[in-house]
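Below: the structure, in structure tokens.
Order of appearance sets the numbers: ligands from 1, and atoms from 1 within every ligand. Because only heavy atoms are used, hydrogens play no part in the values below, and waters and symmetry mates are left out as well, while side chains stay in.
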Amino acid sequence: MSTSQSELLAQANHILVSQGVLDAFGHVSVRSESDPNRFLLARNMAPALVAASDVQDFDLDGNTGDDRKPYLERYIHSEIYRARPDVLAVVHSHSPAVIPFGVTEAPLRPVFHMAGFLSGGVARFEIADIGGDGTDLLIRDPGLGVALAAALGDAPMALMRGHGSVTVAGSLPLAVYRAIYAEKNAALQRDAISLGTVRYLTEQEGHSAATTNAGQVGRAWDMWLRTAETPHDR
Ligand SMILES: [Zn+2]
């Protein structure tokens, strides 16, 4: 396990809490630099309190040799890493502005350039299709993880009806960026819809903006980290 990856993962947890994506729940993981068939994820705890020493490593079956209690929903991460070799980081959250888009027919679409990555469309996961009526909505076994990964397909994000969402990317900072801007876009889209007919970014505009923004993620990460780790902002 790389110490620096664990440190970055702890920072990602703090940033996502500070930016309103995670609260006492939700989690973020990163694929291991040393073994692509393993990933790093904090132990079962509130994201704001995660330190590098709380990070566990897992195989793609969601198993760890660490005897501390893991997150129940680690199969979200394990099965997406198995299905998507291009994915190097995964954020699972219940961020509030996104929830309404998971329970209605309203498509989540980019209303500003910062969310251009949404222009190709987001996936939808319906847990009742595999779990039937009466699940607790959680991805609590590998079979549900496989179904979620299949629903995600090649998309950067999947809405999980009545639960939350999952956001993926080819780097940890970009996955964090996408989770933050998906939440911001959802709130702005809701506001725009209330004003009238919305003119969304076209698919080509979204693609162009996403390409530009992917080169700027480091600047955002540095600011988010400073904000997250300044005591008066906690
Ligand atoms: Zn969840």
Side-chain angles (χ1 to χ4, degrees), residues 9-10 12-31 39-50 54-56 58 60-64 68-84 87 89-104 108 118 122-153 155-169 172 175-187:
L9 190 60
N13 274 272
H14 304 162
I15 287 170
L16 288 165
V17 173
S18 173
Q19 294 296 314
V21 172
L22 302 182
D23 50 18
F25 300 96
H27 20 84
V28 51
S29 68
V30 64
R31 194 188 290 269
F39 67 95
L40 308 183
L41 177 67
R43 66 183 176 88
N44 190 319
M45 64 187 298
L49 307 179
V50 171
D54 295 306
V55 173
Q56 301 176 309
F58 294 86
L60 298 187
D61 293 322
N63 297 319
T64 179
R68 296 174 296 178
K69 185 182 175 190
Y71 286 123
L72 187 64
E73 293 194 289
R74 58 195 179 279
Y75 307 108
I76 292 172
H77 305 264
S78 59
E79 296 300 337
I80 289 174
Y81 288 124
R82 193 199 307 277
R84 289 276 301 270
V87 168
V90 176
V91 177
H92 166 59
S93 87
H94 315 141
S95 71
V98 172
I99 300 292
F101 291 90
V103 298
T104 61
L108 184 63
L118 296 172
V122 302
R124 291 179 178 273
F125 175 64
E126 174 49 70
I127 196 167
D129 288 347
I130 179 168
D133 186 22
T135 72
D136 60 6
L137 286 303
L138 302 182
I139 307 300
R140 56 171 52 253
D141 64 46
L144 290 168
V146 168
L148 174 61
L152 176 65
M157 180 176 189
L159 303 173
M160 302 160 73
R161 192 268 306 166
H163 179 175
S165 62
V166 62
T167 310
V168 303
L172 181 60
V176 167
Y177 171 98
R178 286 177 171 178
I180 291 169
Y181 278 104
E183 170 67 13
K184 291 181 188 293
N185 189 88

| query | the Zn ion (ligand 1): which protein N, O or S atoms are under 2.8 Å away? | reply | E73 OE1, H92 NE2, H94 NE2, H163 NE2
Sub-3.5 Å donor-acceptor pair from the side chain of [X] to the main-chain atoms of [Y], do we have one?
{"X": "R31", "Y": "Y81", "answer": "yes"}
{"X": "H94", "Y": "G164", "answer": "no"}
{"X": "T104", "Y": "P100", "answer": "yes"}
{"X": "E79", "Y": "L148", "answer": "no"}

| Residue list, side chain to side chain contact (heavy atoms under 4.5 Å, CB included) with V17, at least two apart or on another chain | L22, P47, A48
| task | Taking the six-membered ring for Trp and the full ring for Phe, Tyr or His, determine whether the centres of H77 and H92 are under 6.0 Å apart. | result |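 Judged by ring-centre distance (under 6.0 Å), H77 and H92 do not meet the cut-off.
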